[in-house]
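Bear in mind the structure is a predicted one, so any value in this text is a computation, not a measurement.
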Amino acid sequence: QPFPQQAVWEAGGPEQVAGRWADAAPQASVADASAATGCVGDVALSLGEDGAAAAEPQRASHATLQRRLRRKRAAQAMREAAAQQAEPEMEPEAPLADAARLTVLQRRLEGGDIRERNVAARELAGSVLGLSFHALGCRVVQAALDACSIDNATALAEELKGHVREACRDKHANFVVAKVVAVLPADNALFVAQELGTCAQEVMRHKFGCRVFCRLIEHSSSHPDVAALVEDAVARRAFELGRHEFGHFVVACLLEHGLPQHKALATRRLMGPELAALAGHRYGRFAVEALF
């Protein structure tokens, strides 16, 4: 145990202390005790050359410990640097302006008369696609689609053409596509269904894309092109979709909001010999609940 220098002399001097330590632990030396109290030099001088020689292994051991500590700190610094590089980059700044300007623009879109809202919506022209993939920007675009006239909303929505599939899979942009389907006439939002025609199964089975298909069923099923897509992609595959983690939401939406012929077709697909198994399925049971 560490002890002050005075205790060394009270115990009979450095020589007796060294002898006791040597009996208890042959590898130890007086330098071990004196190092703890900062009196290495005094004890080494009192013991002579033999004591100084005995302190050398302790000094070497101390140097080894210091090297290990330095290597440990260096390794920790390297791990922290690698972790910082592995962290995902923050979302890019909104293309139109900073968050303060977007907030002001959103307030203008949500208040005032129709003329002022249309003026605010036209300020988004050329920036809709970039804003739709941004956390705050997607809310501003949705507010513009809700607030402005049909012509202005259609002009804004057309900036998403060619990017519907990508937008449906994005955690922000999928809300914009769903809003386009919900607020625009079916003819004006037809490009959404047309672009989803080649990737319908993929989008319906996506955690964000299934929401867009539900909006199509709710608002555009009466359009011939959308009706054909819903019949082929959803109603005829109701059983398979009903067992999927996200596809069952689309089936339930079809059974609640779909056209009568689509409901009948989906019901026939579900009311087969495997209905009992579907009712006991983790996700299929929700489709059966919607059925009844």
* Structure fact -> Scanning both residues in full, the closest heavy-atom pair of Leu291 with Met271 reads CD2-SD, 3.5 Å
* Can you name the closest pair of heavy atoms from Leu109 and Ala147 and give their distance? -> O-CB, 3.1 Å
* Asked: Among all residues two or more places apart in sequence or in another chain, which pass the side chain to side chain donor-acceptor pair (under 3.5 Å) test with Glu218?
  -> Arg215
* Glu202 vs Arg169 side-chain heavy atoms within contact, under 4.5 Å -> yes
* Atom pair CD (Glu274) and CZ (Arg269), whose distance is rounded to the nearest 0.5 Å -> 13.0 Å
* To do: Keeping to residues at least two apart or across chains, list the ring-ring contact (aromatic ring centres under 6.0 Å, His included) pairs with something in residues 176-211.
  => His206-Phe208
* To do: Taking all non-hydrogen atoms of both residues into account, name the closest pair between Ala153 and Cys148 and its distance.
  => N-SG, 3.4 Å
* **Approximate separation, where rounding is to 0.5 Å, of Leu105 CG and Arg108 CZ** => 6.0 Å
* Asked: If you take all heavy atoms of Val177 and Val192, which pair is closest and at what distance?
  -> CG1-CG1, 3.8 Å
* Does the distance from a Lys or Arg side-chain N to an Asp or Glu carboxylate O, for Arg282 and Glu245, drop under 4.0 Å? -> no
* **Shared hydrophobic cluster for Val164 and Phe175 (ILVMFWY, side-chain gaps under 4.5 Å)** => no
* Asked: Near Arg107 CZ, under 6.0 Å, is it more than 12 heavy atoms from other residues, nucleotides or ligands?
  -> no
* Asked: Can you check whether Cys210 reaches Val203 side chain to side chain, under 4.5 Å on heavy atoms?
  -> no
* Could you tell me whether the side chain of Leu270 reaches within less than 4.5 Å of the side chain of Leu255, counting heavy atoms only? => yes
* Structure fact -> Residues pairing under salt bridge (charged side-chain N to carboxylate O under 4.0 Å, His left out) where one sits in residues 126-139, two or more places apart or in two chains, turn out to be none
* To do: Please round to the nearest 0.5 Å and tell me the distance separating atom OG of Ser127 and atom NE2 of His134.
  => 12.0 Å
* Asked: If only atom types and distance count, is the side chain of Asn188 paired as donor or acceptor with the main-chain N or O of Leu184 below 3.5 Å?
  -> no
* Asked: In the single-linkage hydrophobic clustering (I, L, V, M, F, W, Y; side-chain heavy atoms under 4.5 Å), do Leu160 and Leu131 co-cluster?
  -> yes
* **Reported CD-to-CG distance for the pair Glu195 and Leu190, which is rounded to 0.5 angstrom** => 10.5 Å
* Structure fact -> Contacts of Glu110 meeting side chain to side chain donor-acceptor pair (under 3.5 Å) (sequence neighbours excluded), chain-then-number -> Gln106
* To do: Report yes if some heavy atom in the side chain of Leu196 is under 4.5 Å from a heavy atom in the side chain of Cys199; otherwise report no.
  => yes
* To do: Take His172 and Phe133, measure what side chain to side chain contact (heavy atoms under 4.5 Å, CB included) needs, and give me the verdict at the end.
  => CA-CA 5 Å; His172 303 306; Phe133 289 84; 5.7 Å; no
* Around atom CZ of Arg71, are there more than 12 heavy atoms of other residues, nucleotides or ligands at under 6.0 Å? -> yes
* Report the residues that fulfil salt bridge (Lys or Arg N to Asp or Glu O under 4.0 Å) with Arg211, sequence neighbours left out, ordered by chain and then residue number. => none
* To do: State, yes or no, whether a side-chain contact exists between Val141 and Leu156 at a heavy-atom distance under 4.5 Å.
  => no
* Asked: Does any non-hydrogen side-chain atom of Leu265 lie less than 4.5 Å from one of Gln261?
  -> no
* With no hydrogens and no angle check, is any side-chain donor or acceptor of Asn118 less than 3.5 Å from a backbone partner on Arg115? -> no
* To do: Identify, with sequence neighbours excluded, every residue that meets salt bridge (Lys or Arg N to Asp or Glu O under 4.0 Å) alongside Arg268.
  => none
* Which residue pairs pass the ring-ring contact (aromatic ring centres under 6.0 Å, His included) test when at least one of the two sits in residues 258-288, sequence neighbours left out? -> His248-Tyr283, His248-Phe286
* Structure fact -> Ala144 and Leu124 have their tightest heavy-atom pair at CB-CD1, 3.5 Å
* Taking a hydrophobic cluster as the set of Ile, Leu, Val, Met, Phe, Trp and Tyr residues connected by side-chain heavy atoms closer than 4.5 Å, whether directly or through intermediates, do Val251 and Phe292 fall within one such cluster? -> yes
* **Pairs involving residues 146-159, ordered by first then second residue, that meet salt bridge (charged side-chain N to carboxylate O under 4.0 Å, His left out) (sequence neighbours left out)** => Asp146-Lys179
* Check Val176 against Ser132 and note the closest heavy-atom contact, atom names and distance. => CG1-OG, 3.6 Å
* Other cluster members, Phe246 - Ile/Leu/Val/Met/Phe/Trp/Tyr, side-chain contacts below 4.5 Å -> Phe249
Acceptor/donor pairs from residues 219-229 side chains to any protein atom, 3.5 angstrom cut, sequence neighbours excluded:
| residue | atom | partner | partner atom | Å |
| --- | --- | --- | --- | --- |
| Ser221 | OG | Ile217 | O | 2.6 |
| His223 | ND1 | Asp225 | N | 3.1 |
| His223 | NE2 | Asp187 | OD1 | 2.8 |

* Kindly indicate whether the side chain of Leu259, heavy atoms from C-beta on, has any atom under 4.5 Å from the side chain of Leu254. => no
* Check: Lys72 main-chain N/O paired with Gln76 side-chain donor or acceptor under 3.5 Å -> no
* **Contacts of Arg117 that satisfy salt bridge (Lys or Arg N to Asp or Glu O under 4.0 Å) - sequence neighbours left out** => none
* To do: Taking the side chain as every heavy atom from C-beta outward, state whether Leu278 and Arg285 have any atom pair closer than 4.5 Å.
  => no
Validation: residues 230-243 side-chain donor-acceptor distances under 3.5 Å, sequence neighbours left out:
| residue | atom | partner | partner atom | Å |
| --- | --- | --- | --- | --- |
| Glu231 | OE2 | Arg236 | NH2 | 2.9 |
| Arg237 | NH1 | Asp232 | O | 2.4 |

* Pair Gln201-Arg205, side-chain donor/acceptor within less than 3.5 Å -> yes
* Asked: Applying the 4.5 Å side-chain criterion to the ILVMFWY set and letting contacts propagate, would Val140 and Leu129 be lumped into a single cluster?
  -> yes
